[in-house]
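All remarks here apply to the structure that follows.
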Amino acid sequence: MRESVEWMVGGQQGEGVDSTGELFAKTLVRYGYSVSTYKQFMSRIKGGHTNYKIKATEKQNYYSGDGIDILLCLDKETLPKNEQSLNQGAVVIQEGKEILVEAGQASTGVSYTTFTLPLKKIATDLGNPLAKNMIALGISAGLVELPVEILNGFIEEIFGKKGEEVINSNKQAVLKGVELTKEHVPNQIKPLSVVPVSNQLFISGNEATAFGSLMAGCRYLSAYPITPASEVMEWLSDELPKVGGTVMQVEDEIAGICFAIGASYSGTRAMTSTSGPGLSLKTEALGMAGMSEVPIVIVNSQRGGPSTGLPTKHEQSDLQQMIYGTHGEIPRIVLYAATIEDAFYIAAEAFNLADQYQCPVIVGLDLGLSMNKMTVPTFDSKRVKIDRGKLITDEEAKDFNETHFKRYRLTEDGISPRPLPGMPHAVHTTSSNEHDESGYISEDQTNRINMMRKRLEKVRDAMIQEPFKYDDNGGESEIVLVGMGSTYGMIQETIKQLNEEGVINASHIHIQQLYPLPIDKLQPLIDGKRVVTVENNYNGQLLQLLRQHAPIHNNSEAITQYDGDPFTVSTIAKQVKELISWQR
Amino acid sequence: MRESVEWMVGGQQGEGVDSTGELFAKTLVRYGYSVSTYKQFMSRIKGGHTNYKIKATEKQNYYSGDGIDILLCLDKETLPKNEQSLNQGAVVIQEGKEILVEAGQASTGVSYTTFTLPLKKIATDLGNPLAKNMIALGISAGLVELPVEILNGFIEEIFGKKGEEVINSNKQAVLKGVELTKEHVPNQIKPLSVVPVSNQLFISGNEATAFGSLMAGCRYLSAYPITPASEVMEWLSDELPKVGGTVMQVEDEIAGICFAIGASYSGTRAMTSTSGPGLSLKTEALGMAGMSEVPIVIVNSQRGGPSTGLPTKHEQSDLQQMIYGTHGEIPRIVLYAATIEDAFYIAAEAFNLADQYQCPVIVGLDLGLSMNKMTVPTFDSKRVKIDRGKLITDEEAKDFNETHFKRYRLTEDGISPRPLPGMPHAVHTTSSNEHDESGYISEDQTNRINMMRKRLEKVRDAMIQEPFKYDDNGGESEIVLVGMGSTYGMIQETIKQLNEEGVINASHIHIQQLYPLPIDKLQPLIDGKRVVTVENNYNGQLLQLLRQHAPIHNNSEAITQYDGDPFTVSTIAKQVKELISWQR
Amino acid sequence: MATLKDLRGDTPSWCPGCGHFSIMAGIQKAVVQLGYEPHEFAIISGIGCSGKVSEYVRTNGFHTIHGRSVPVAQGVKMGNPDLKVIASGGDGDGYGIGLGHFVHASRRNIDMSYIVMDNNIYGLTKGQTSPRSEHGFVTKTTKEGNKEYPVDPVSTSLANGATFVAQAFAGDIKQMVDIIERAIEHKGFSHVNIYSPCVTFNKVNTYDFYKERLTKIEKPFEDRDEALAKVRELSGLVTGVLYEEKRPDFQGKLGIEFDTQSCTNGEMDEDLFHKMEKQFQ
Amino acid sequence: MATLKDLRGDTPSWCPGCGHFSIMAGIQKAVVQLGYEPHEFAIISGIGCSGKVSEYVRTNGFHTIHGRSVPVAQGVKMGNPDLKVIASGGDGDGYGIGLGHFVHASRRNIDMSYIVMDNNIYGLTKGQTSPRSEHGFVTKTTKEGNKEYPVDPVSTSLANGATFVAQAFAGDIKQMVDIIERAIEHKGFSHVNIYSPCVTFNKVNTYDFYKERLTKIEKPFEDRDEALAKVRELSGLVTGVLYEEKRPDFQGKLGIEFDTQSCTNGEMDEDLFHKMEKQFQ
Ligand SMILES: Cc1ncc(C[n+]2csc(CCOP(=O)(O)OP(=O)(O)O)c2C)c(N)n1
Ligand SMILES: Cc1ncc(C[n+]2csc(CCOP(=O)(O)OP(=O)(O)O)c2C)c(N)n1
Ligand code: SF4
Ligand code: SF4
Ligand SMILES: [Mg+2]
Ligand SMILES: [Mg+2]
């Protein structure tokens, strides 16, 4: 029995590759497996190669895997593009004139089996040419001995509205696939062991972020469509109206943040979501949120830059823009979830921090994390409690007894009690200009100094529950790998592999709070170690950030990849090994 | 005889404070003095206190001075606001019912003389109530024994069109002022010594930048009005049409940069100018210039941030936005002139670098440098030669013999031969998407890697003639003060003062090329020294930049000021002393 | 009931004689005469001399950034539909950098008023042409005269669906107050363009200029396109409410039971969590 | 003389049947029929399915960023007035995020053509409403139907001074080519809105939808406001050249002897330097 399987379907865009992949993933999830996925696609609507990769494991797993056990080819490009990833003994399913089972050998040396068959014809014979992908899924299920009932259940859900006939023909197609497996490629690969089913969610980073936001009380999102952030807007546009909130698709990204700032000023928990180009457009208004001390959450789902760049590819290159973007100096907090699970909590905490510190909070994501689904243990709805900070009631405002309420009152912690517009005893002024406590324009030097200190010091101690993940890997390590976002799973696996190979003992820091950077807590963990960042960008922006805070220049490097694809474990492992050998 | 004088006029906005100050400054310039000035003003059109500070010295001087020898008060706020700056023996001229000469003592302990007189009435008696400021100027001239002919010369220029009568009444007013001095406050302060007149220009940083741009062949500026950058646009809008170029005031800052990118793409040397809020808006298109490899010069004249902030106040807080602003990673060069003189050359070099490296070049300025005039030795028009980089002719393009010219040809130095649209043999595609050599969209990994390397490596060695100014101050120093922009003069004076006082020997680095930072050249100059940045912002952005490049964390600090005013020498000196005592 | 004094905020720093004074007074008067209290309003302003109005009228105020008062204001209204929301700013702010937002707001019809202080110039930056400056208008950067033609804001909002379109003149406070009152009471997006002479930098579009040229429209046109035709015919030199249409506002059309302000401290809503969680299982 | 083949650039990746194919072909045909060579043109496009046109038509091309083709294009023309400049992009690109630039370009009248591929939807981002989507239009983010009303682009450019305003339909190539040709030859800003069905995401505004509804205007109206009235009357469902006015273009009006391209390697112009230097002495 096998404890994991790596599966991929590839084909042309617009031909159901996505839905086929998702269906197989969900089947594995229902069977109790932990599933990680990765979709590759192009910036066009129809045509062009796309694929959907799955890794299913018994235990929680954060990486969709380097290899492939079953490769389902719906176009001619799939095999050549992915041959180098085939695992020993893999099965390749492909369309062909007639049924053929052949042995193949990849350029990497591994041998595999190709199972060629006339999928379309078989489906047509079954009375539903559209069901050809179902046959292929049946074959896949057959190979690892997944119970067809699960697939059939989904078929009923999906085709429910299309009537019995469609449902039946699809079910038949699945069965046919299983039969074909038994007949032509029996026992080709080991069956999956049975695991107990737990309460898992199968969810993407965008969805987890949107879900966390909604649960934290966010009732307003204004945004402009952009890959890979659009799903945040799409999911919330379905869900928010049910709870009295709404999503606004507005005319551009500047309006996106401005509407949200307006809504937040009025008291609603509000957010905007975007990707790189949109973030750049938002930086002026971001400064307004910082200066006027209006809470706001900005989700930035990173994609390949710069400029229009690689709109449908993965990258982590907006770090510096998230931390430094906007002219002048504002209070801000920059978070970046390590996993999809964390994305839920981080989103929820973001709204708390925005209210508590009355400042913008940027929630970083990356395409790898945003658009790909993964199973995670269901979220703990008790972990993050809603905290609206120094929001005050009209009653409380009344006690101040001011004709014009001092919105920017100087306080010990730099945070001013915040009334809302509409409160009878708290008429107040909010402003993007430098202002005095009343919110009125002030060019006075002393006031300026006080206000700058107030704003910029107030966030210094901001800290989320888990500002970084740390894995000391069971003891002394001479090297520490530092990452952020969707590289979490790959780094974990890399370390495990290196450890198993006896190459090196490495620890792992995965930073979730980029600004303010929890350097005091990080320092002891990197002291005396060789620091190696693993990041998807060219300049090593995370390394630069660390170096800014700690004098590790002579003992630190970055492992980078910037070709639009996520890391594989083997790439990271190889580079770590090179670094070590070079040092020794 | 005195070798320098510090003079200030203060009053309400809209009442000619500026023109009065400028007239006195120009008079001193004509007399052969080196003059530095500083204007303080508010973000409103009429009313509110404003003042114009002058320091005139025999030798070149880069700082408008901490003190005041002559204070001309055109409103009631001028004296209380500036009393603490009065030098021992200063003369304060102020409006009053009758002529009175009194002794005063400032809170700082210095004693001064007030000369009160009914300026308006005297002017009215002379037949021109508007000439009251001229009487005051006459008094000022009289006090330091400046020849009235110079002032008279300017009066003829200014009032030329208004006829003899106006000219004469103004001349009489000046004479009257001189007489009044002789009568009531003779020998109150020492006269200015006579100095030889050299070829000096009296010019602001904005003007020097605009002038340098024009001389470098810039023929197009598109921008949107914003303080303190508007003068760049205003000066060029007068001058460019004379040389076949033009200035476009467009609908917003995004259009500002986009028009310029368009013009530059077509082959014209083009620029845009702005301040913080505009820079933030431009960051998306900045990315396009970087990605599409279109040369472009962006002048960013910094003001008090964040957001609308302090629009008419001085600050140096856009450093990180200039270096990191935009999503993803682009080639760019960031320059920042140390003095008005350098502003001319830096502007000219910026256009060369933009063409040579086919990327955006950001020219930083700050309000102190931008809006204030200073005398500088006239520029050397031979110092910077125009270099258009790899621009090719149609003839040259023809040799490549390509139907579709490869705009993004991979070359050894990463810079591609650049034809212009309109060339018969060089039809080509320019793009903000990731592209192949032809400019066509490409999502191929190998191409991506090549193109990222090409773009980001090509600027690594970019270097202006004087990437930083260095003054070792005659020998061994234990401390090095590092600055940028308009703090040059103050730091120089501080070091001189500290040296004279025997407090410390400090060296001085003033960085003019912020990105790529010439760290290899800087390293030996900071090694083993205590590094102290002097900067007008809160976070110590320059310090952070240095720390990112050098492990100086335990031996470096920032002296900061962020109240909207420039440093004074005494502030810097005081803080340096504190740092030293604290260390010892 | 609120008095004019209650509506007084910070001391204005405008030049004496500036048209913006009248508009400020007009807003104050309208609020008082309609019987509202200062706290019921939020004035969202842009940047410019005009933008300072949110500090001078004592209601809730948000002095935003250049060109973005309209998107912020729409967000405010959506966040708290109980507020009366006024966006206000200059012609540069609204028809230059902010033009796109203005047109989109016109077609969206969120319930708010947009009061533009149109002085045909950029005041605060010292007198450059604005998108409302006349062709041929001379400034320090257009010494040979402006070569562009002005935006036609009233026709533009009419053509793009605004449900209340009016124009007023700072020199006629009575009519202006009446128009502002009607704009405030209109349910939907109301666009009020107000000619507001800049006495310091604009020597062409003076009080007299407008007094001599403006035609009063006594009664709104029944038909949007008639109003449009009239405005075009008179080159925009009209005052009065040009068009008003009763139509559900954007938020009304959404048909959502808005409940955006009830988020309070405490645990997440467990029931809601379990309901939502299902779709990912 | 150039042939259609010379105008062929990269291989289109649009969905089969997409209206953008016809518009691409229309531009190619117009260039060829007018007798121009590919190098004489610069096509400046935005981002969207539509934006790819600058890579598919083999002239000089600049694939810019979302919503900014028009400002870049105006800069290109000003930098090199000898180029024929076409800006092109989608309705989202031009009337959503880029709306402000479009109106300002209309009133500025720089000599270029702006061809909008109007499919009433955001194609490349997979089918959200665009500012041209009809009221009630259903998408995955407007499941209850679009609550906004569409922008009226043609009325807007007419009201704001555009000197050439036309509309075409991707389903009528002949008329479209004729219109594009006239737009290219027009001296000044020419606005051509082209209905271009998105066969993948827009199931409402199909070829048939337009075929059934469009009215042909055979001859441009003499008067701008007449054209405007007609467009309004027919809810924008017209094709043809609606209005054309001969008037000096912006650059012509500036009266500058443009000399922007002659900057070459070597020393600064010493004479010029000394002339300029004087004003600071
Ligand atoms: C993004 C940005 N660009 C430019 C400015 C500079 N600025 C301030 S006010 C203004 C124009 C003001 O004109 P208008 O909106 O007509 O208002 P007015 O002063 O005439 O009332 C400009 C360009 C700014 N503050 N922010
Ligand atoms: C600043 C920015 N925002 C958003 C996007 C994402 N985006 C790409 S194309 C597009 C809309 C395309 O719609 P349209 O302009 O109508 O062109 P079509 O695809 O329909 O031809 C959007 C929102 C982007 N690339 N840049
Ligand atoms: S500059 Fe003009 S608009 Fe500004 S306050 Fe003065 S008169 Fe009013
Ligand atoms: S999605 Fe629509 S607009 Fe885009 S290529 Fe396909 S049919 Fe054309
Ligand atoms: Mg104005
Ligand atoms: Mg579209």
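Excluded from the calculations below are hydrogen atoms, water molecules and symmetry mates; all remaining heavy atoms, backbone and side chain alike, are included.
The heavy-atom pair separating D/Met276 from B/Val243 by the smallest distance is CE-CG1, 4.5 Å.
B/Asp252 is not listed as a side-chain neighbour of D/His104, based on a closest heavy-atom distance of 4.5 Å or more. Taking 4.5 Å as the limit, some side-chain heavy atom of D/Glu55 sits within range of a side-chain heavy atom of B/Ser431. Taking the side chain as every heavy atom from C-beta outward, D/Gln281 and B/Asn199 approach each other to under 4.5 Å. Side-chain atoms of B/Phe379 and D/Met268, non-hydrogen and from C-beta on, never get closer than 4.5 Å to each other. Side-chain contact between D/Leu272 and B/Met215 is present, with at least one heavy-atom pair separated by less than 4.5 Å. Using a 4.5 Å heavy-atom threshold, the side chains of B/Asn433 and D/Ile47 count as touching. At a threshold of 4.5 Å between non-hydrogen side-chain atoms, the residues B/Ser432 and D/Thr64 do not count as touching. Counting heavy atoms from C-beta on, the side chains of D/Phe273 and B/Lys382 never come closer than 4.5 Å.
Both the backbone and the side chain of B/Ala255 have a heavy atom closer than 4.5 Å to some heavy atom of chain D. For D/Ser13, no part sits under 4.5 Å from any heavy atom of chain B, backbone or side chain. Both the backbone and the side chain of B/Ala285 have a heavy atom closer than 4.5 Å to some heavy atom of chain D. Heavy atoms closer than 4.5 Å to chain B are found in the side chain of D/Leu254, but not in its backbone. With a threshold of 4.5 angstrom between heavy atoms, B/Val294 approaches chain D through side-chain atoms but not through N, CA, C or O. Contacts of B/Glu251 with chain D are made by both backbone and side-chain atoms, with heavy-atom separations under 4.5 Å. The contact between B/Met248 and chain D is made entirely by side chain atoms (from C-beta outward), counting heavy-atom distances below 4.5 Å. Looking at B/Ser438, neither its backbone nor its side chain comes within 4.5 Å of chain D, counting heavy atoms on both sides. Only the backbone of D/Glu257 comes within less than 4.5 Å of a heavy atom in chain B; its side chain stays farther off. No part of D/Tyr56 comes within reach of chain B, as not one of its non-hydrogen atoms sits under 4.5 angstrom from that chain. In this structure, the portion of B/Arg30 lying under 4.5 Å from any heavy atom of chain D is its side chain and not its backbone. Heavy-atom distances place the side chain of B/Ser292, and not its backbone, under 4.5 Å from chain D. Looking at B/Ile441, the atoms closer than 4.5 Å to chain D (heavy atoms on both sides) sit in the backbone and in the side chain alike. For D/Lys84, no part sits under 4.5 Å from any heavy atom of chain B, backbone or side chain. Contacts between D/Asp82 and chain B at a heavy-atom distance below 4.5 Å are absent for every atom of the residue. At a 4.5 Å heavy-atom cutoff, the contact between B/Tyr220 and chain D is made by side-chain atoms alone.
Using modelled atom types, one side-chain atom of D/Asn60 and one backbone atom of B/His428 make a donor-acceptor pair closer than 3.5 Å. D/Gln261 places a side-chain N or O within donor-acceptor distance of the main-chain N or O of B/Ser266, the cut-off being under 3.5 Å. Formation of a donor-acceptor pair under 3.5 Å by the B/Arg219 side chain with backbone atoms of D/Cys263 is not found in this model. Although no hydrogens or angles enter the test, the distance criterion places no donor-acceptor pair under 3.5 Å between the side chain of D/Arg68 and the main chain of B/Ile254.
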Self-check item: D/Arg108 and B/Val250: CA distance, side-chain angles, deciding distance, side chain to side chain contact (heavy atoms under 4.5 Å, CB included) verdict
Solution: CA-CA 10 Å; D/Arg108 192 176 284 127; B/Val250 291; 4.1 Å; yes
Practice problem: Kindly determine whether D/Glu277 and B/Leu201 satisfy side chain to side chain contact (heavy atoms under 4.5 Å, CB included), including the steps that lead there. | Solution: CA-CA 8 Å; D/Glu277 172 194 45; B/Leu201 307 184; 3.6 Å; yes
Quiz prompt | side chain to side chain contact (heavy atoms under 4.5 Å, CB included) evaluation trace for B/Phe259 with D/Ile110 | solution = CA-CA 12 Å; B/Phe259 270 73; D/Ile110 284 176; 4.2 Å; yes
Self-check item: Stepwise side chain to side chain contact (heavy atoms under 4.5 Å, CB included) test for B/Asp394 and D/His39
Solution: CA-CA 11 Å; B/Asp394 186 49; D/His39 72 270; over 6 Å; no
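Counting non-hydrogen atoms of neighbouring residues, nucleotides and ligands closer than 6.0 angstrom, the NZ atom of D/Lys253 exceeds 12 such neighbours.
Here the options are B/Phe211, B/Trp235, B/Phe202, the test is side-chain contact (heavy atoms from CB on, under 4.5 Å), and the partner is D/Gln279; only B/Trp235 passes.
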